[in-house]
Participant: 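There's a structure below that I have some questions on.
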2 protein chains.
Amino acid sequence: MNRRSSKDSRQNIIDAAQRVFLLHGYEGSTMRMIAEQAGISVGGIYLYFKNKEELCLLLIDERLKEFSEKIDAALKKIEDPIDALREYILLSIEYAKKHNEFIITQSREKGFTFGIDIKREFFKRQKEVIKGIIFKGINKGIFVNCNIEEATRVIMGVIRGFVLSLVVDPDNLFDARQCSELILSGLLSRSN
Amino acid sequence: MNRRSSKDSRQNIIDAAQRVFLLHGYEGSTMRMIAEQAGISVGGIYLYFKNKEELCLLLIDERLKEFSEKIDAALKKIEDPIDALREYILLSIEYAKKHNEFIITQSREKGFTFGIDIKREFFKRQKEVIKGIIFKGINKGIFVNCNIEEATRVIMGVIRGFVLSLVVDPDNLFDARQCSELILSGLLSRSN
DNA sequence: AATTCATATGAACAGACGTTCATCTAAAGA
DNA sequence: TCTTTAGATGAACGTCTGTTCATATGAATT
């Protein structure tokens with residue numbers, strides 16, 4: 001039992017948990033698995049985290065924040081609403097490929113409460129981002145004057161469709177580019 | 001301990017399981033819960049079903065078959081590919097509202113691959129149905145000449161997006177009608 | 001009434017999991 | 001060198017779950 005920096009140990013646990021949750025999901029991951037991956041005892045985890053749930057919630061929070069920052073950074077550099085929306089969809093789908101496990105996490109088993117506040121907050125913010133892009137597009141006369149709320153829901157729904165397809169039918173994923181073009185031409189384009 | 005018809009008891013268990021899985025998901029449902037709902041002892045369940053997994057798989061199978069039959073019956077009466085596709089999407093989304101618990105099923109050991117063989121078979125058949133509609137539409141000159149495989153993937157992805165939204169963000173569901181119009185106009189329509 | 005049959009019961013079992021905590025130990029400080 | 005500190009250990013605990021199986025019981029038959 002070597003003495004290690006508590007900072008390192010904490011990070012080791014976090015990294016290990018990320019890997020284990022990714023492979024096995026929340027319920028399928030045990031603290032023993034995570035401990036092994038982290039190279040620390042199972043009791044040692046509780047020196048840093050209150051419990052399994054807190055550990056997972058922290059990861060969810062981090063990942064979703066990370067995504068939001070990525071999006072903000074990317075959109076800051078894009079002026080054209082068409083390019084912005086296209087970029088949003090593509091980034092979303094790319095991110096989903098890596099972190100879908102935190103979106104479809106066990107909400108049902110915990111009575112829809114597990115991480116639900118974090119996710120709701122996240123969805124709310126993403127919704128505002130999309131609405132902002134659409135609104136700007138309409139103002140510039142690029143997009144049709146549509147129901148922004150509804151268009152936003154469709155876009156988010158489509159991205160979620162990709163997420164779920166990753167999980168249940170990974171051999172049949174639609175093309176991210178074609179999908180963004182569908183939304184641009186079918187939902188928002190003035191060329192109709 | 002009253003004597004009951006074994007047939008009734010079996011059905012009671014199935015009905016109860018359906019209700020419990022719907023509310024709590026697979027992992028969140030215990031055999032004790034199901035037994036209570038069915039009005040039978042927990043050991044009594046094993047007189048009819050081998051185990052929890054078999055009970056759930058049977059339900060998944062039944063529900064997906066039921067849906068397929070509904071779809072087939074409805075499409076049999078529709079000649080126009082536009083109406084057919086529209087009907088397909090609407091029926092899918094309506095059914096998802098009632099039975100999404102069998103599409104997003106997760107177990108501790110198998111994660112989302114629980115029941116995956118049944119689901120794969122189901123997806124395969126639905127894919128053929130959609131492709132059939134698109135193919136007919138193209139032949140009649142109603143739909144654009146597109147990549148049928150990819151169009152099918154997009155359609156299935158969009159429906160899955162609705163399914164997942166039901167679970168993680170039920171307050172923001174897109175409108176089924178608008179969505180089917182999006183697909184019709186943005187993906188397949190010759191009016192572009 | 002006694003026996004058989006069909007259905008049911010629920011305590012007990014085995015296993016698994018998250019968590020606790022008495023104990024340990026190496027490193028740092030006095 | 002001795003004491004303190006910081007970090008770690010892992011067996012044990014309590015709880016829960018799926019499943020088993022010895023036993024029970026009411027209805028039907030003899």
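Sequence lines set the chain letters: A, B, ... in the order given, protein chains first and strands last, and positions in each chain run from 1. This is a predicted model, so every value here is computed, not measured. What's counted below: heavy atoms across the whole structure, side chains too, no hydrogens, waters or symmetry copies.
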Participant: Please report the distance, rounded to the nearest Å, between CG in B:L55 and P in D:dT19.
Facilitator: 10 Å
Participant: Give the rounded distance in Å between these two atoms: CD of B:E109 and C1' of D:dG18.
Facilitator: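 For the pair B:E109 CD and D:dG18 C1', the rounded distance is 10 Å.
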Participant: Which residues pass the side chain to side chain donor-acceptor pair (under 3.5 Å) test with A:D15, not counting sequence neighbours?
Facilitator: A:Q11
Participant: In this structure, how many angstroms lie between the P atom of D:dA6 and the NZ atom of A:K7, rounded?
Facilitator: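 Roughly 17 Å, once rounded to whole Å.
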Participant: Please enumerate all residues that pass ring pair (Phe, Tyr, Trp, His ring centres under 6.0 Å) together with B:Y48, with sequence neighbours excluded.
Facilitator: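 B:Y48 satisfies ring pair (Phe, Tyr, Trp, His ring centres under 6.0 Å) with no other residue.
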Participant: Starting at atom CD of A:E54, determine the distance to atom C1' of C:dT19, rounded to an integer number of angstrom.
Facilitator: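 Nearest whole value for this atom pair: 14 Å.
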Participant: Tell me which pairs pass salt bridge (charged side-chain N to carboxylate O under 4.0 Å, His left out) where either residue lies in residues 172-188 of chain A, with sequence neighbours left out.
Facilitator: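 Residue pairs passing salt bridge (charged side-chain N to carboxylate O under 4.0 Å, His left out), neighbours aside: A:R86-A:E181.
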Participant: So, using side chain to side chain donor-acceptor pair (under 3.5 Å) as the criterion, who are the partners of B:T105 when residues are at least two apart?
Facilitator: B:K119
Participant: To the nearest 10 degrees, what angle separates the axes at the start and end of the helix from C:dA1-D:dT30 to C:dA30-D:dT1, five pairs each?
Facilitator: 30°
Participant: Using a cutoff of under 3.5 Å, can you pull out all pairs of nitrogen or oxygen atoms linking the protein to nucleotides 13-17 of chain D, with atom names and distances?
Facilitator:
none

Participant: Under the salt bridge (charged side-chain N to carboxylate O under 4.0 Å, His left out) rule, collect the residues that match up with A:K124, sequence neighbours excluded.
Facilitator: none
Participant: Could you list by number each residue of residues 36-50 of chain A showing a heavy-atom separation from DNA chain C of less than 4.0 Å, or answer none if no residue does?
Facilitator: A:V42, A:G43, A:Y46
Participant: Hey, are B:E150 and B:R153 close enough for a salt bridge, meaning a charged N less than 4.0 Å from a carboxylate O?
Facilitator: yes
Participant: Return the value, rounded to whole Å, for the distance between atom CZ of B:R108 and atom C1' of D:dG18.
Facilitator: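 Distance check: B:R108 CZ to D:dG18 C1' gives 12 Å.
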Participant: Give, ordered by number, those residues of residues 13-24 of chain A having at least one heavy-atom distance below 4.0 Å to an atom of DNA chain D; if nothing qualifies, reply none.
Facilitator: none
Participant: Under 4.0 Å, heavy atoms only, any strand: does A:S5 hit a base, just the sugar-phosphate, or nothing?
Facilitator: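 Counting heavy atoms under 4.0 Å across all strands, no contact is made by A:S5.
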Participant: The criterion is side chain to side chain donor-acceptor pair (under 3.5 Å); which residues satisfy it with B:K131, sequence neighbours excluded?
Facilitator: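 Scan of B:K131 (side chain to side chain donor-acceptor pair (under 3.5 Å), adjacent residues dropped) gives B:E149.
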Participant: Could you tell me whether B:E79 and B:K140 have a side-chain N and a carboxylate O separated by less than 4.0 Å?
Facilitator: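 The answer is yes: the pair qualifies as a salt bridge.
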Participant: Please enumerate all residues that pass side chain to side chain donor-acceptor pair (under 3.5 Å) together with B:E94, with sequence neighbours excluded.
Facilitator: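 Only B:K97 meet the side chain to side chain donor-acceptor pair (under 3.5 Å) criterion with B:E94.
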Participant: Under 30°, 30 to 60°, or over 60°: which ring-plane class applies to A:H99 and A:Y95, parallel, tilted or perpendicular?
Facilitator: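 Aromatic pair A:H99/A:Y95 classed tilted.
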Participant: So, is the end of the B:K52 side chain (NZ or CZ) under 6.0 Å from the ring centre of B:Y26 and within 45° of the ring's axis?
Facilitator: yes
Participant: Would one find a side-chain N or O of A:S6 under 4.0 angstrom from OP1 or OP2 of D:dA6?
Facilitator: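 Result: no.
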Participant: Yes or no on side-chain contact (heavy atoms from CB on, under 4.5 Å) for B:L59 and B:I14, after CA distance, side-chain angles and deciding distance?
Facilitator: CA-CA 8 Å; B:L59 282 170; B:I14 289 175; 3.7 Å; yes
Participant: Side-chain atoms of residues 154-169 of chain A: list all donor-acceptor pairs with protein atoms under 3.5 Å, sequence neighbours left out, distances to 0.1 Å.
Facilitator:
residue: A:R160; atom: NH1; partner: B:S165; partner atom: OG; Å: 2.8
residue: A:R160; atom: NH2; partner: B:D169; partner atom: OD2; Å: 2.8
residue: A:S165; atom: OG; partner: A:G161; partner atom: O; Å: 2.8
residue: A:S165; atom: OG; partner: B:R160; partner atom: NH1; Å: 2.9
residue: A:D169; atom: OD1; partner: A:N172; partner atom: ND2; Å: 3.3
residue: A:D169; atom: OD2; partner: B:R160; partner atom: NH2; Å: 2.8

Participant: Could you tell me the separation between the CZ atom of B:R10 and the P atom of C:dA6, rounded to a whole number of Å?
Facilitator: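 B:R10 atom CZ is separated from C:dA6 atom P by 18 Å.
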